[in-house]
Amino acid sequence: MSRVWNFSAGPAALPEEVLRQAADEMLDWQGSGMGVMEMSHRGKEFTAIAAQAEADLRELLAVPANYRILFMQGGAIAENAIIPMNLMGDKRVADYVVTGAWSHKSQKEARKYAEVNIAATSEASGFATVPPMTDWRLSADPAYVFTCTNETIGGVEYPFEPDLAQIGRGEVPVVADMSSHILSRAIDVAKYGLIFGGAQKNIGPAGLTIVIVREDLLGRAMPHCPSAFDYKTVADNGSMYNTPPTYAIYIAGLVFQWLKREGGLAAVEAHNIAKAKLLYDFLDASDFYENRIDPACRSRMNVPFFLKDESLNEAFLAESRAAGLVQLKGHKSVGGMRASIYNAMPIAGVQALVDFMRDFAARRG
Ligand SMILES: *Cc1c(COP(=O)(O)O)cnc(C)c1O
């Protein structure tokens, strides 16, 4: 067996330790005589797996007691509809901060359920930056302010936490799509009304969506909101109103345990800073490659870069693949290359990429 360095944006690489444990437990989970995929979601074995996963996630993110953790399905794109269906209540307007492809898509979907006010957008910069909160123009009485705190496609990450108290609007809940950087750094959950993310970037398999929601925001769903997507129904049933994605929850739980063994989010964040610095410092020192994002807002997780001579793109991709470095092609809307370096990517993988890029530049520059 030989494993590659996988820079996929998602579904993405998982920690090898986690995959090995899952392989060991595939046929018989802890003497139960069953694999996890074969268990009833209401049986004592799976109930214990889900409860442990939730407790570990709560511990890692220091989730306050007045927040509920929901294990849902549908991914982040489904949440773009589920969120306004649940949070509009008796309000008319929802505010959106648009910083790239994902928040753009979110505001577009929300228009089916709400009047949307674009509170700020970085479109004029080609989505290369995050507008500072002092430039956000909130509407008079929004149900929430939506943010995407890491734009996976553009490679833009908030360099601050969107704390509306700093602009005198602390009463408005902040919603954050953290799909591609959840658990990559310590955050203050209390600054948000709702945090969500699909699991397949930085947590586990596709099929699981994590929602962390403040309790006072439950119970406001529109009458036509599907029951399986009504946060209060999901919360009241311990995420088992419908059958949850059991195997994805199990793998996510193994990832949470791995993160705890790694030292928790402070240690993981330090590791991610070192990985990102290695790659960005190399890009900045090079006259062969470039990153075009405002240095203050560069994502630690998703690093888009360009060869200055784009006629070499195909050769770069073919040779990197041959060297065991895969999934480096940039998103089609951006072009160039993108290296996604989530928690599961060790610094040795980033070093292997930098070594390859240096060698390629020396040969082709
Ligand atoms: C991947 C991604 C999505 C879309 O997730 P799906 O699981 O395909 O619905 C939305 N937002 C962000 C920030 C993402 O990275």
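Note that ligands are numbered from 1 as they come in the structure, with each ligand's atoms numbered from 1 the same way.
- Other residues, nucleotides and ligands contribute only 12 or fewer heavy atoms inside 6.0 Å of the CD atom of Glu123.
- For the residue pair Thr152/Asn302, the side-chain donor-acceptor check at 3.5 Å is not satisfied.
- By the criterion of a heavy-atom distance under 4.0 Å, the side chain of Gln200, and not its backbone, is placed next to ligand 1.
- Closest to atom 11 (N) of ligand 1 among all protein heavy atoms lies Asp177 OD2, 2.7 Å.
- For Lys105, the NZ atom is loosely surrounded, since the number of other residues' heavy atoms within 6.0 Å does not exceed 12.
- Side-chain atoms of Gln107 do not come within 3.5 Å of backbone N or O of Val116 as any donor-acceptor pair.
- Proximity to Asn150 (heavy-atom distance under 4.0 Å) selects the following atoms of ligand 1: 13 (C).
- The Cys148 neighbourhood of ligand 1 comprises atoms 13 (C), with distances under 4.0 Å to a heavy atom of that residue.
- Close N/O approach between Ile77 and ligand 1 is found [any backbone or side-chain N/O within under 3.5 Å].
- Residue contact check: Gly75 has heavy atoms under 4.0 Å from atoms 7 (O), 9 (O) of ligand 1.
- No hydrogens or angles considered: a donor-acceptor pair under 3.5 Å links the side chains of Tyr96 and Tyr144.
- Ring pair Phe360/Phe316: centre-to-centre distance below 6.0 Å.
- Each of the atoms 12 (C), 13 (C), 14 (C), 15 (O) of ligand 1 lies under 4.0 Å from some heavy atom of Thr152.
- Taking every heavy atom of Ala76 and a limit of under 4.0 angstrom, the matching atoms of ligand 1 come to 3 (C), 4 (C), 5 (O), 6 (P), 7 (O), 9 (O), 10 (C), 11 (N).
- Using a 4.0 Å cut-off between a side-chain N of Lys or Arg and a carboxylate O of Asp or Glu, Glu319 and Arg364 qualify as a salt bridge.
- The shortest N or O to N or O distance between Lys201 and ligand 1 is below 3.5 Å.
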